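To start, the structure under review is shown below, and the notes come after it.
Proteins come first, then strands; the chains are lettered A, B, ... in the order of their sequence lines, and each starts at number 1. As the structure is a prediction and not an experimental result, all values here were calculated from the model.
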Amino acid sequence: MGDAELELSPSPPEAEPSPVQPSPPSPSHSPSPSPSPSISITSSPSLSLPSTPSSGPHHHGLRRSPSPSEGHGGSSPALDVISEGMGELTLVIDSEVANRACQEVLLKVKQQQQGVEEGSEVPDPHAPLIREEEDPSSAAKSARRRQRHNPSKQSWLLRLFESKLFDVSMAISYLHNSKEPGVQAYIGNRLFSFPHEDVDFYLPQLLNMYVHMDEDVGDAIKPYVVHRCRQSISFSLQCAWLLGAYSSDMHISTQRHSRGTKLRKLILSDELKPAGARARRDPPTLSLLSPSKRTHQRSKSDATVSVSLSSNLKRTSSNPRVESNQEEVRGPSTVRLTPQREFIKSLMGIGKRLATLPTKEQKTQRLISELSLLNHKLPARVWLPTAPFDHHVVRVPHSQAVVLNSKDKAPYLIYVEVLECENFETSSVPTRIPETRIRSTRSVENLPQCGMTAEQRTASFSTVPNYDNDDEAWSVDDMGELQVELPDVHTNSCDNISQFSVDSITSLESKEPVFIAAGDIRRRLSEQLAHTPTTFKRDPEDPSAVALKEPWLEKVRRIRENSPYGHLPHWRLLSVIVKCGDDLRQELLAYQVLQQLQCVWEMERVPLWIKPYKILVLSSDSGMIEPVVNAVSIHQVKKHSQLSLLDYFLQEHGCPTTEAFLSAQRSFVQSCAGYSLICYLLQVKDRHNGNILLDAEGHIIHIDFGFILSSSPKNLGFETSAFKLTSEFVDVMGGQDRDMFNYYKMLMLQGLIAARKHMDKVIAIVEIMQQGSHLPCFHGSGTIRGLKERFHMSLTEEQLQVLVEQMVEGSMRSITTKLYDGFQYFTNGIM
Amino acid sequence: MSQVEKKVGLLRRSSSSKKPLKEKVVLMYDEIFYRYWYMNHAVNGPLPLQVNLEYLESKLESVDGEEVQRIQDNINSLFHHCVQALGEEHQIKVVNALQTLCALFRGVHQKNKSSSGFDIINMLMGFDKAELRMKDLMESLDSLLCGDGSESLKSLCLKLLLCLVTVTDNISQNTILEYVMINSIFEAILQILSDVSSRGQHGYDAVVLLALLVNYRKYESVNPYIVKLSIVDDEPTLDGMGMVVHHALTEYSRQYKAKEEENQGGFFSTLTTMVGNMFIADADEKLSVQTNEAILLALYEAVHLNRNFITVLAQSHPEIDMGVTSISPSPTTPTTPLGTSPPSLDAMNNQEQLTLDPNLQTSNLLITFLKYASIVMQDTKEEHRLNSARLCLIILTCIAEDQYADSFLHDDNMNFRVNLHKMPMRHRKKGVDKNIPCRPLVCAVLDLMVEFIVTHMMKEFPMDLYMRCVQIIHKLICYQKKCRIRLHYTWRELWSALINLLKFLLSNETTLLAKHNIFHLALLVVNLFNMFITYGDTFLPTSNSYDELYYEVVRMHQVFDNLYCMVLRVSTNTGQWKEPASKVTHSLVNVRAIINHFNPKIESYAAVNHISQLSEEQVLEVVRTNYDTLTLKLQDGLDQFERYSEQPREAAFFKELVRSISLNVRRNVSLSTMSQDLLLKEFSTIS
C-alpha cells in the first residue's frame, strides 16, 4: 500500500523548476520521506481552523448560500431548499453541500491524525444528503486504512488539497493516481467547487475514468456528473456522446452492462431533469391558454419538428395538424434533449448518404439540397456545441456548404447562422422568417458595397455632372415596394412606378446630355477586376478551396446580406466540419494537449503561436470539428497559385521589406516553432501539405492528428524526422542562419523549456486517456514513457539547446520528409 | 348529345362489356322522373345501389322543357339526399352519392347550356336551399378530403370538384362556384399537398383544381383562393405543390424523350410518319406529346401569387431524383393522350434504388421547368404549344423579376448541368450537350433565351414571345448590374443572336410591319447593347469581354447601319411608326459612335500595315488602343424595366387559356375511369 505515499511527492506547480525533478505520479519513483521545501511554501491556515473554507470561490459560495434561502421567504428550512429548490439555487446550494462534504472528509483525516478513532462521530446534519456521494461504510474503511499511514504525510496531502494551488488538473491527476477511496471521494466532492469551464476541459478524462476505472473512482465522479447533467442540456449531451465513444473500446459483452453505458442511458432517458423541472414545466401548459398562440406553437413544435428530422426527408409530420397531435401524445418530457440529438443525427445522416455518391460534384449538389431541406426545420432549440456562446441555430445557408477533400469519406463544411441568446435552454426559440423575406430587409444602402462605393462611382464619373446616383441605387424592386405607400399614382397596376420613375429621369436629364468616355468604362472594368481579392478558381474537384479562401469577414458579410435573419442584432455566423466515419477521439486528445501547451506558453510568456481547434466527439466514428477560419491548406495554396510558398507570401503580403510581409513572416516563424514542438512532443505524423494550413496572417496550422504518439501511417517508417521543416519553410523564414531562422530555433528552445516545466499537466491528460483505450496512438507499452522522455527532464538548458539544433538540422536534412511528400503526391495527388 | 356523353359511354362499355340491362338503379332513376318515388323510399335510405351514371346523365338530358319543371323537385330532393349521404358511415353510399352528384352537375348543365347560372342552381338545389345545400356539400367534401378515409374516396371527391369546376366552358360563368368561394376547401387542398402519401395519389388533381379555382372571376371580384394562395408560407405544403408540378413536368420530358428516340429510327421511319401524318392530319396531334397547360398554369399562379413559392423552385429533392432516374420508362401510363391524366408518382417510393451513376444530377423544379420549356418552345406553330411557350416565358419573366429567385439563379455555389433540348438543325450537330459545364442556373436561362432567339426567325413571327424573351434577358442583366455580379457567360453568343435578330427584322420589314410593331423589339435589342456598352464595367466578367463587345459591334456594323437608315426613314415620314422609329434612332447613338469611331481606325491600321483582312486579335488591338478618344452618351433608364402585371395586358390570354384547360380537364375527368367494380371491391372489404 504505497499508493498514498506517492501522493506526497511535490506537486508540480509549486515545485521550483529544478533540472532533475522527480515526476510525481510515476510508480517507479520512490517517495521522498522528508517534505520538500516547495510544499512548505503553501501556507494554509486551514489546518488550525477546520471550519474555514479552503479556497476563494468556496468562501464566496458559503457566504452567499444563506441569502437566497432567506430571500426566498425564509420559512423553509435549508434542507427543503436543497431538495426542492429552484434551478438557479441548486447551483449555490450544491457547492455548499460539496463544501461541507469536503470539510467532512478533511475533518475525518484530521481526526485520524490526532488519533481519534471515531471519525464518523462527527455530527453532520447533512449526512443523508450526500449519501449517494459517499458510502459511509467505505469512508470508514478508508479511514481505517488511512490510519496505518504516516500521519504527517497525510497532512501534507491535505495541505496540498486545501491550498489555492490545487487546481482541476491536479485534482484529475490525483483522482487517477490515488487508490484511496477517501481521497477519491474527497476529490469527487471538490469538483463541485471548481469553475464549470475548468472541469469541462477535463471532461473526457473524467468520463474515461468513469468508464474504465474501478468502482471507487466511478462513485466519486458520478455525483458531479449527475449534478451537472441536471443543470445543463448541453453538458448532458456532451457526457452522453463521450460516454458512448469511450465505452466503445470495451468488449461488446461487457459494454452493454458497463457503468458508462448505464449512465449514458440514464442521461439519454432524460430523467436527469433539473430539480425544479416540475415547476418549470408548468408555464408552457399555461401558455396554451395565453393569447400568444403563435409563439407557443413554435416553441412547442420545434421539438417534434426536429423529431421528424430523424426520418429526415420523409417529413411525415410536416403537416400542421398531424404535428400538433404528436405533440400532445409525446408530451414535453422527452423534449429536452431530442431536438439537438435529432439535429446531430440528421447531419450525420447526410454525411453517410454523401459517402455513397461517386463524384465531388454530385456530393456537393446533394449536400446543398439536403441542407435546404434541413432548413425547413429551423429555427429550433438546437445549437452547435463547438461555439463559445449560447445560441439557437436559425438557418443553414445551404448553398455555402462544401464537401471537403477526402478520398472515401465525405466530411463536409457547413456554415450555420445562429442568434446569440442568454441561455439556449430558457430563451425562446426565434420565430421563423421565410427565405424570401430578404427582399424587404436587404437595404438599398448595402448594394453599392458589392463593387464600389457610391462615392467611388460618382467620382469615377468625373465627366458626368448630373449623374444621379440615387436613381441607380433605387432598384426597381424597391420602387415596387414603395408604391404601396404612395396614394393613387396612375392606376393600380404594378408597372406604374417604374414607368413613372423612368419618365421622371428622362424628363430631368433630357435637358443636358451627359457624356462619358468609353476609356473610363473600360478602365474601371479592369481596375475593379484587379481590385477584387485574389480568389482561387472554382474547381469541381476541389470545391472547398474557393470557399475556404474567401476571407471570413467577407463571407460573413455576404451571407448576412442574403439571410432573412441578417438584420437581427444577435445574428452570428458559425461554421463546423461534420465528420462521419472518422474517430475523433485522438483529435480531441490532441486538442487538449495543444490547449494545455498554449496555456503554458502563454503563462510563461513564450510567443509561440498554435491554434487548437475545438473537437466534438459524438461517437467512436463521428464528430464535428471547428474549422480554422481564413485558412487554406498549403497543398491548395500551391496547386491554385502555382507558386512557391515564399512567392505566395510575397504575392499575398507584399515585398520582403514591407511591414505586412514582416509581420506575416513573424507569424509564420512563431507558428512554425509552436507546431514543430507539438509535432515532436506528440510525434504527429502524416505531415503532408494537405494537413498543414496557412492562414491569412501567415500562420501555419497543423490539422489532422490522426497519427500521433505511437501510431504512424501504414507503419512504413516514413517521417523519421522530429518534425516537418522543408526548405520552402526555411525560405519563408529568410533562409538558414538568418535572423528569423535563429529566432525560430530560439523560440523552440524557450517553448521546450516552458513545456518541460509543466510536463505533468500534459502527461496527465494523455495518461488518463490511455486507460482502457484501444486507440492506435496508445499502441504498444511505451507511449507514456516515450512522451515523458521527449520532455528531456534530465538535460540542462545548454544540452536542450544542442538538442533543438540537432532536431532542426535533422529535419531539414531529412530525406524522408521529401520522400513522404513524394509518396503523398503519387498516392493522393497532394502537392 | 354531346361529345362528353359519347366518351363516357365509350369508356363505360370498355370497362364492363355486358350490355346495359335495365338495372334496378335505372328503374329507380326512371321513378325519379316519372313518379314521386323518392318520397316513398326516403325513410329506408335509398341509393344503396350502384350508380349508373351514363343513364342518369342521358336521362337528364333527354327530358324536355316542361318535364324539367316537373322533375325539379325530385332533382332537388335527390341532390339533398346525396349531400346527406356524404356523411354516411357506409362508404359505398358515399361513393354512390359522389357519383350521383357528379352526374347531376353534368347532366343539368348539359341540358341547360344556355340558361343562366341561377336557373341551374335552382334546378339542382332550389334557390332557397342552395346556400345551405352547398355549405353542407363543401363541408362534407372538406371533411372527407381531410379525414383518414379511403384514398379512392378522396380521389372521388377531387374528381367531383373538378367536374363541378369545369362544367362550364368559361369558369367565371359557373355561378355555383360562388358557393365554393364562400365555403373554401383551400385548406383541404393544402393538406393533401403537404402530406407525402396523399400528395402522391391526389396531388395532381389537387393542384389542377387549385389552379382553376384561382382563375374564377380573377379580375372581377375578390377571389379568396387568390388571397389565400398568396399568403401560404408553410414550406412543406409549398414544397409539395412544387413536387407535383415537378413530377408532371418530368414525366412530360421523359415521354418526349422516349418519343424522340422512337422517331430516330432512321430516314424510313421519318418518312412513314410524315406520310402517316398526312393522312391522320389533325386526328392525333402530330407526334409531339400533348403539352400540359393545367400544371403550367398552376406553376404560374404559384410563382406569380406567392412570394414564398420562389424558394421551392430552387429546392431539390435528392431522393426523388434518384428514384425517377433509376426507373426505366415506366409501363404505368402507356396511354398517349396525356392531357390531364395524372402522371405516375410511384417514382417517389423507389428511393431504395440508389444508382451510382456519375452522370446523375440533382435536379430541382427550376431545372425541370427549364427543360420542359426548352421542349415546348421548340415548336410554336400549333396553338396549344404557342400558349404553352407563352406561359413558360411569362413564368420566366416573373422569376427574373424576383430578387430572391435572381439571387439563387446567380449563386456561384449552386452549379448545375442543365441539358436543354435543342432543335435539330441542319447546321448544328446534335449530341454535343453531353459536356455542359456545371454553371449557375442563370446561364441555362440565358442559353434558353438565346436558343429561342436563334430558332424562331420565321414567317409566322412570334413577336410576343420575342418581346418576352428579350425582356427576360434585360431583367437578368439589370439584376447583374445592380448587384455587380460578374457572370462567366459567353456573352458573345447572345450578342450575335441579337444582331441576327435585328438582321431578320430588317430583311422582313414589310411583312412584319403589317402585323407587328417591330420598332419596339428593335429598341429593346439595341438597349440591351446599350446596357453592355455603358454599364459593362459593372457586370462583365473580364476586360476582354468588353473589347469583344466592341469587336462584335464593329464586325456587324452593317446591320446597325441598315437599321439606322431604316428607322431614320420611317421616323421622317409621318405615320403610326414615326414615334417608335425615332426612339430607336436615338437609342442607336452609342452604337453608331462606336462604329464611326473604330471603323476608320481599323481601316487605317490595315492600310498602314498592308493587311487586307485583319484578324480578330488585330481588331481587338485597335479597339484597345483607341478607347480614350471615344465619347459615349449616357442614356437614361437603360436599367429600368416595366414590371410584369397580369392585368390588363394578359387577362385575355389567361381567360382563353383557362377555357381550354377547362375543356381538357372536363374531357379527362371521368368518374367511370374509376372502375366501379374496383371501388366496390375496396369498400366491401373496408365496410
Side-chain angles (χ1 to χ4, degrees), chain A residues 313-316 318-322 356-359 361-362 365-366 368-370 372-373 376 399-400 434-436 438-439 442 447 450-451 464 467 472 475-477 480 493-495 498-499 501-502 505-506 509-510 513-519 521-522 524-526 528-529 538 540 547 562, chain B residues 191 194-196 233-237 239 307-308 310-311 314-319 354 356 358 360-362 364 403-404 407-408 411-416 438 478 482-484 533-534 536-538 540 542-543 546 594 627-628 630-634 636-637 639-645 647-648:
Chain A
L313 302 167
K314 277 194 207 127
R315 301 157 61 245
T316 41
S318 48
N319 103 54
R321 297 188 208 195
V322 178
T356 62
L357 296 172
T359 68
E361 197 179 293
Q362 283 173 307
Q365 286 179 353
R366 181 74 188 264
I368 288 174
S369 70
E370 295 249 14
S372 67
L373 287 181
H376 287 183
S399 67
Q400 304 303 318
E435 281 284 299
T436 43
I438 53 159
R439 285 174 294 187
R442 185 169 169 156
L447 284 173
C450 305
V464 186
Y467 187 82
E472 184 208 29
S475 66
V476 186
D477 258 299
S493 101
C494 275
D495 314 344
S498 51
Q499 199 82 60
S501 65
V502 174
I505 294 165
T506 30
E509 303 206 355
S510 55
V514 178
F515 293 101
I516 42 172
I521 299 174
R522 167 66 213 255
R524 263 201 314 272
L525 175 59
S526 43
Q528 275 175 39
L529 287 169
R538 202 160 280 280
N562 286 303
Chain B
Q191 202 193 323
S194 66
D195 182 77
V196 177
D233 62 350
D234 181 50
E235 262 120 356
T237 311
D239 232 33
R307 278 190 147 190
N308 303 313
I310 293 288
T311 48
Q315 180 73 68
S316 36
H317 295 275
E319 82 274 36
L354 288 183
L356 291 184
L360 207 122
Q361 285 280 311
T362 310
N364 59 34
Q403 198 178 327
Y404 181 80
S407 78
F408 71 70
D411 194 328
D412 220 12
N413 293 307
M414 287 166 66
N415 293 315
F416 295 93
C438 231
C478 285
K482 193 176 78 177
C483 295
R484 266 69 167 175
I533 292 167
T534 30
D537 57 325
T538 56
L540 283 175
T542 59
S543 19
Y546 195 66
I594 290 169
Y627 273 125
D628 279 329
L630 172 66
T631 313
L632 300 171
K633 185 167 176 278
L634 190 69
D636 328 296
D639 53 350
Q640 307 290 333
F641 53 81
E642 223 178 296
R643 285 184 74 85
Y644 170 80
S645 75
Q647 210 193 358

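A/E361 contributes no side-chain N or O that, together with a main-chain N or O of B/C438, makes up a donor-acceptor pair within less than 3.5 Å.
Taking CZ of A/R522 as the reference point, atom OH of B/Y627 lies at 5.5 Å (rounded to 0.5 Å). Remark: B/M414 CE to A/Q365 CD distance equals 9.5 Å, nearest 0.5 Å. In this structure, the separation between CG on B/D239 and CG on A/L373 is 6.5 Å, given to the nearest 0.5 Å. Here CD1 of A/I368 is found 13.0 Å from CZ of B/F408. Values are rounded to the nearest 0.5 Å. Expressed to the nearest 0.5 Å, how far OG1 of B/T631 lies from CD1 of A/I516 amounts to 9.5 Å. To the nearest 0.5 Å, atoms OG (A/S526) and CG (B/L540) are separated by 11.5 Å.
Heavy atoms of B/I594 lying under 4.5 Å from chain A are absent altogether.
Shown here for B/D411 and A/Q400, the closest heavy-atom pair between the two residues is OD2-NE2, 4.2 Å.
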Can you check side-chain contact (heavy atoms from CB on, under 4.5 Å) on B/L632 and A/I521, steps first, answer last?
CA-CA 10 Å; B/L632 300 171; A/I521 299 174; 4.0 Å; yes

Assess the residue pair B/T311 and A/H376 against the criterion (side-chain contact (heavy atoms from CB on, under 4.5 Å)); give the C-alpha distance rounded to whole Å, side-chain angles, the decisive distance to 0.1 Å, and a yes or no.
CA-CA 11 Å; B/T311 48; A/H376 287 183; over 6 Å; no

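Here the side chains of B/S543 and A/L529 are in contact, with some heavy-atom distance below 4.5 Å.
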